[in-house]
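Only heavy atoms go into these numbers, but all of them, side chains included; no hydrogens, no water, no symmetry mates. Note that the structure is predicted; figures quoted are calculated from it, not measured.
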Amino acid sequence: MKLTNNQIFAVNGVLSELVNEKLTGSFKFKLFKTKAELERAIEIVQKALEGVVDEEEVAEIAEQTQDLNIELLTEEELTPLPLSMAQLVALQDIIEKGEQ
């Protein structure tokens, strides 16, 4: 799955907010693997940003995409979590799209 660096930071931020939530079953491991993959991607961005002061260059790096090895989350998996609308918006890029 490809995400921009901005999307990576947004999703990681939401998962960081959920770090103290009690989760059960295999879903907790899925979130753990997702968070670990996002953090790996963030390290790459942080290294790319070292010494960069030009705002245009920062914006360009923020919009670059990375290919991540993460599984999409389902609405069913997320239902028990106390998520705000803002958190759902940030997660929308990694939520499986259902039948419409």
OG1 of T34 to CZ of F29: how many Å apart, nearest 0.5 Å? 13.0 Å
Under a 4.0 Å threshold between the charged nitrogen and the carboxylate oxygen, would K47 count as salt-bridged to E43? no
Please check if F32 and V14 belong to a single hydrophobic cluster, counting links between Ile, Leu, Val, Met, Phe, Trp and Tyr side chain heavy atoms closer than 4.5 Å. no
Under the 3.5 angstrom rule, does the side chain of E96 hit a backbone N or O of L72 as a donor-acceptor pair? no
Take I44 and Q66 through the side-chain contact (heavy atoms from CB on, under 4.5 Å) test and state the conclusion after the steps. CA-CA 10 Å; I44 293 169; Q66 293 191 54; 3.7 Å; yes
Within the 3.5 Å criterion, strictly below it, is a donor on N6 or E63 matched to an acceptor on the partner's side chain? yes
Of all heavy-atom pairs linking I94 and V11, the shortest is CD1-CG1, 3.5 Å
Starting at CG of L78, measure out to CG of L83 and round the result to the nearest 0.5 Å. 6.0 Å
Rounded distance [0.5 Å steps], CD in E37 versus CG in N12: 11.5 Å
Decide whether V19 and L73 are clustered together by the hydrophobic rule: side chain heavy atoms of Ile, Leu, Val, Met, Phe, Trp, Tyr closer than 4.5 Å, transitively. no
Got a sec: does the CG of D54 have more than 12 other heavy atoms crowding it under 6.0 Å? yes
Reported CG-to-CG distance for the pair L91 and L81, which is rounded to 0.5 angstrom: 9.0 Å
Would you compute the distance between atom CG of L38 and atom CG of L31 and round it to the nearest 0.5 angstrom? 10.0 Å
Examine L18 and V89 and state if one hydrophobic cluster contains both, with Ile, Leu, Val, Met, Phe, Trp and Tyr joined whenever side-chain heavy atoms are less than 4.5 Å apart. no
Any donor and acceptor pair, going by atom type alone, linking the side chain of D67 with main-chain N or O of M1 inside 3.5 Å? yes
What are the two closest heavy atoms between A90 and A10, and how far apart are they? CB-O, 4.0 Å
Can you find a pair of side-chain heavy atoms, one from E57 and one from L49, that are under 4.5 Å apart? no
Residues forming a side-chain contact (heavy atoms from CB on, under 4.5 Å) with S84, sequence neighbours excluded: A86, Q87
Nearest heavy atoms of A41 and I8, plus distance in Å: CB-CD1, 3.9 Å
Quick one: CG on L3 to OG1 on T65, what's the gap to the nearest 0.5 Å? 9.0 Å
All pairs passing salt bridge (Lys or Arg N to Asp or Glu O under 4.0 Å) where residues 70-85 contributes a residue, at least two apart: K30-E77
Pairs touching residues 17-27 that satisfy salt bridge (Lys or Arg N to Asp or Glu O under 4.0 Å), sequence neighbours left out: none
Hey, does the side chain of Q7 reach the backbone of T4 with a donor-acceptor pair shorter than 3.5 angstrom? yes
